[in-house]
Amino acid sequence: MPSTQPARGMRDFLPADLRRRAFVIDVIARVYQRYGFEPLETPAVENIETLLGKYGEEGNQLIFKILKRGEHAASGQADLALRYDLTVPLARVVAEHRATLPKFFKRYQIQPVWRADRPARGRFREFYQCDVDAIGSTSLMVEAELCAAASEALTTLGFADFSIRLNHRAVLDGMLSAAGVVAGQHGDALVALDKLDKIGRDGVLKEFEARGLAPDSGERLLDLLARIAEAQASSLADPNGAALHLLAEFVGTHEAGLRGLAELRDLLALAPATAAAAHLRIDPSLARGLSYYTGAIVEIAVPDLAGSLGGGGRYDGLVGMFLEKGAQIPACGFSLGLERIIVVMTERGMFPASLAGSSADVMVTVWNADARAASLALAHDLRAAGLRVDVYPEADKLGKQMKYAASRDIPVAAILGDDEVATGMVAVKDLRSGAQVTVPRADVAAHVRGVVALPA
RNA sequence: GUGGGUGUAGCUCAAGGGCAGAGCGCCGGACUGUGGCUCCGGAAGUUGCGGGUUCGAAUCCCGUCAUCCACCCCA
């Protein structure tokens, strides 16, 4: 007998799970829509060349590959793959439809992605991302609106204590160059630096050594980060300004670094007018793993989760990888991780109590075989009146039917027995209070509404 | 990918070489027109799977799969 468990890292979503997921997705989608983003869906499967080389070395290995079919099946070669994120498929779509899409294309996309990763707490092999991206503009207005949209989505869900860590790839370049890290080793240095909050100062220095980086470069970078953290803590009125000041000192005349700092200043100047205002925090140690980012990068953190709730950034070169040589279309996007949000909301008890409710407002009982049609007819009328109605499917003993309704948390039973049919009445029982009244058949819907406190 | 924990009834868990158990749930009855409370009875397990040690294995050993935790990485 085959196992009844879903494949490793995959999950079945039972009704109670799905209600919570649908609630979160609905909140996020509505906020995205309010910011003028349009819906998009793309296939689960992409040609493998579409995905390869877009995510960096780690990413390439985590792509779920689909072997060639037919006579090539034995070769182990893959020509298709499950999508790894929603950003690369978007870049492909933008390149494919660039002639007809609006000049500034703003889309949101809430779909599953797949990674051949080892499952862990809050981490799965199939999981949903909630992406918003704006294509076609290099303006920092775009970053500001994306941060605002993500902030508003989280705030609407009930999060108050999140921070949006903010950095810039060009600033990182400037920092590393100023610290004496040669261009070819920037990636290694970033990976090490990114772990500062987990492994501490000494851990980062060891990483530098392990990766063949000059120890004094590491020292200088760590000193800078420590000075910035200190300055942020002591300038509560303007921690971001203090951080930018120190970064500017350190970066000196590095051209890209100066450009990045100017962009961060620009973004911070725009943010006070948005929902992201209180949440943005310059964090010079933020690097992010994906290789396609070119400008501002952000990540959302909450205190009680090791990983992030979401992240994003500017990727002005990605769409160009699907275009004729030299062509480029600027883009910037943000992704909220549905699973992470649900984990934290569940732990904190943030879901509204109404989500735990039942699947039906009322259950119609079935007296005996002859009464089956009468019960269906009653259910039909109640449904026409807008109620959610379950009909017990068999003519079991009434006690069993009541027990079933109670076990499903259905608040009302409509009992249609011989006596009721003969007199044109229906017995309506409130299963929560035990109160039962017999009302004329025509009044059942109104009465049930009253019992479950629905508006007429 | 690394290290560790755990797999026994539908669920939560006992039994640590000598007859596989409890609570909850489920089914039937006390109550043939009414759930929750009570009482009585019942069904239910190849102890994850495969091998080994032993007179005898849920228990010890090896392997394997699943799952959880901490790392690595990420959403």
Side-chain angles (χ1 to χ4, degrees), chain A residues 1-11 24 28 55-63 83-87 110-131 150 190-192 194-195 198-199 203 207 210 287-291 298-302 305-313 333-344 363 365-368 371 392 395-422 425-438:
Chain A
M1 195 169 66
S3 166
T4 55
Q5 285 179 325
R8 184 177 173 76
M10 310 286 173
R11 291 162 298 163
V24 175
I28 292 172
Y55 303 108
E57 190 52 40
E58 283 280 340
N60 266 0
Q61 300 192 337
L62 295 179
I63 294 172
R83 65 169 167 247
Y84 180 88
D85 70 358
L86 302 177
T87 306
I110 301 175
Q111 284 193 282
V113 304
W114 292 267
R115 294 186 188 175
D117 211 346
R118 181 163 175 172
R121 169 187 170 69
R123 179 155 93 195
F124 308 94
R125 286 180 151 184
E126 177 183 55
F127 61 97
Y128 275 66
Q129 292 192 324
C130 312
D131 277 34
L190 288 179
V191 170
D194 194 45
K195 296 179 186 172
K198 287 174 200 155
I199 62 180
E207 281 267 334
R288 289 189 64 73
L290 294 179
S291 58
V298 296
E299 200 163 286
I300 290 193
V302 285
L305 187 75
S308 69
L309 286 187
F334 200 99
S335 176
L336 287 177
L338 178 66
E339 323 300 339
R340 297 284 170 82
I341 288 172
I342 288 174
V343 164
V344 177
M363 188 190 85
T365 64
V366 178
W367 183 241
N368 58 28
Y392 197 85
D396 265 331
K397 286 175 60 176
L398 198 54
K400 289 183 68 170
Q401 299 192 36
M402 304 297 276
K403 198 171 178 180
Y404 177 79
S407 74
R408 302 279 324 278
D409 287 323
I410 297 173
V412 179
I415 302 162
L416 197 55
D418 279 345
D419 298 347
E420 286 80 10
V421 171
M425 306 288 277
V426 174
V428 178
K429 178 163 185 174
D430 182 338
L431 293 172
R432 292 166 304 190
S433 68
Q436 178 171 327
V437 293
T438 301

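Everything numeric here is computed off the predicted structure, so don't read it as measured data. Here is how names work: the chains are called A, B, and so on, in the same order as the sequence lines, proteins then strands, and each is numbered from 1.
In this structure, A:R125 reaches neither bases nor backbone, as no heavy-atom distance under 4.0 Å exists between it and the strands shown. Using a 4.0 Å heavy-atom criterion, one finds that A:L309 contacts the sugar-phosphate atoms exclusively. Residue A:E299 is out of contact with every strand shown, counting any heavy-atom pair closer than 4.0 Å. A:Q436 comes within 4.0 angstrom of a base, heavy atoms only.
Put simply, CG on A:N368 is 17 Å from P on B:U32, counting in whole angstrom units. Rounded to an integer number of Å, the gap from CZ of A:R11 to C1' of B:A66 is 17 Å. If you measure from atom CG of A:L398 to atom P of B:G36, you get 12 Å, rounded to the nearest angstrom. The separation between A:E339 atom CD and B:A75 atom P is 13 Å, rounded to whole Å. The CE atom of A:M10 sits 12 Å away from the P atom of B:A66 (whole-angstrom rounding). Residue A:D430 contributes atom CG, which lies 15 Å from atom P of B:G35 at whole-angstrom precision. Atom OH of A:Y392 is separated from atom P of B:U34 by 15 Å (rounded to the nearest Å). The nearest whole Å value for the distance from the CZ atom in A:R83 to the P atom in B:A75 is 16 Å.
On the P atoms, B:C49 is 11 Å away from B:U59, given to the nearest whole Å. Taking the P atom of each, B:G10 and B:U6 are spaced 23 Å apart, rounded to whole Å. Of the C1' atoms belonging to B:C71 and B:G17, the separation is 37 Å, rounded to the nearest Å. Taking atom P in both B:C61 and B:C11, the straight-line distance is 27 Å, to the nearest Å. A distance of about 9 Å separates the C1' atoms of B:A15 and B:A58, rounded to the whole Å. For the C1' atoms, the distance linking B:C31 with B:A22 amounts to 29 Å, nearest Å. Rounded to whole Å, the separation between the P atoms of B:A57 and B:G52 comes to 12 Å. Atom name P, nucleotides B:C62 and B:U53: the rounded distance is 15 Å, in whole Å.
No side-chain N or O of A:D396 forms a donor-acceptor pair with one of A:Y404 less than 3.5 Å apart.
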Polar-atom pairs under 3.5 Å, protein N or O versus N or O of nucleotides 26-31 of chain B: list them with distances, or write none.
unit_1	atom_1	unit_2	atom_2	d
B:G28	OP1	A:K400	NZ	3.0

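At the phosphate of B:A75, OP1 or OP2 sits under 4.0 Å from a side-chain N or O atom of A:R288.
Pairing for B:U47 is absent, with no Watson-Crick or G-U wobble pair whose two atom distances lie under 3.5 Å. The nucleotide B:G25 finds no pairing partner, because no Watson-Crick or G-U wobble arrangement with both distances shorter than 3.5 Å includes it. Base-pair partner of B:C37: not found among the strands shown (Watson-Crick or G-U wobble, both distances under 3.5 Å). B:U54 is unpaired under the Watson-Crick or G-U wobble criterion, no partner having all donor-acceptor distances under 3.5 Å. Pair check for B:U32 finds none; no Watson-Crick or G-U wobble contact set falls under 3.5 Å. Of all nucleotides present, only B:C71 satisfies the Watson-Crick or G-U wobble test against B:G1, with each distance under 3.5 Å. As the counterpart of B:U6, B:A66 is assigned, both hydrogen-bonding distances of the Watson-Crick or G-U wobble pattern falling under 3.5 Å.
In terms of position along RNA chain B, the nucleotide closest to A:G9 lies nearer the 5' end than the nucleotide closest to the other residue of the pair A:G311 and A:G9. Both A:I300 and A:L416 lie near RNA chain B, and the one whose nearest nucleotide falls closer to the 5' end is A:L416.
If you take NZ on A:K397 and NZ on A:K403, they are separated by 10.5 Å, rounding to the nearest 0.5 Å. The structure places OG1 of A:T365 at 5.0 Å from CD of A:Q401, a figure rounded to the nearest 0.5 Å. With rounding to the nearest 0.5 Å, the separation of CH2 in A:W367 from CG in A:L398 is 6.0 Å.
Glycosidic torsion of B:G16 falls within 90° of 0, placing the base in syn.
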Item checked: Criterion side chain to side chain contact (heavy atoms under 4.5 Å, CB included) on A:V428 and A:T438, from CA distance to verdict -> CA-CA 6 Å; A:V428 178; A:T438 301; over 6 Å; no
- request: Just do the side chain to side chain contact (heavy atoms under 4.5 Å, CB included) check on A:Y84 and A:W114 with the steps written out, would you?
  value: CA-CA 5 Å; A:Y84 180 88; A:W114 292 267; over 6 Å; no
| request: Take A:E339 and A:R11 through the test side chain to side chain contact (heavy atoms under 4.5 Å, CB included) and record every step on the way to the result. | output: CA-CA 11 Å; A:E339 323 300 339; A:R11 291 162 298 163; 3.1 Å; yes
Start with the C-alpha gap between A:I300 and A:S308, add the side-chain angles, then the distance that decides, and say whether side chain to side chain contact (heavy atoms under 4.5 Å, CB included) holds.
CA-CA 6 Å; A:I300 290 193; A:S308 69; 5.7 Å; no
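Residue side chain A:F127 meets the stacking definition with respect to B:A75: its ring centre sits within less than 5.5 angstrom of the base's six-membered ring centre, and the planes differ by less than 30 degrees.
In this structure, A:L431 and A:P411 have side chains that are not in contact, with every pair of non-hydrogen atoms separated by 4.5 Å or more. Side-chain contact between A:I415 and A:Q436 is present, with at least one heavy-atom pair separated by less than 4.5 Å.
Considering only the side chain of A:D419, B:G33 comes nearest among B:G33, B:A75, B:U34.
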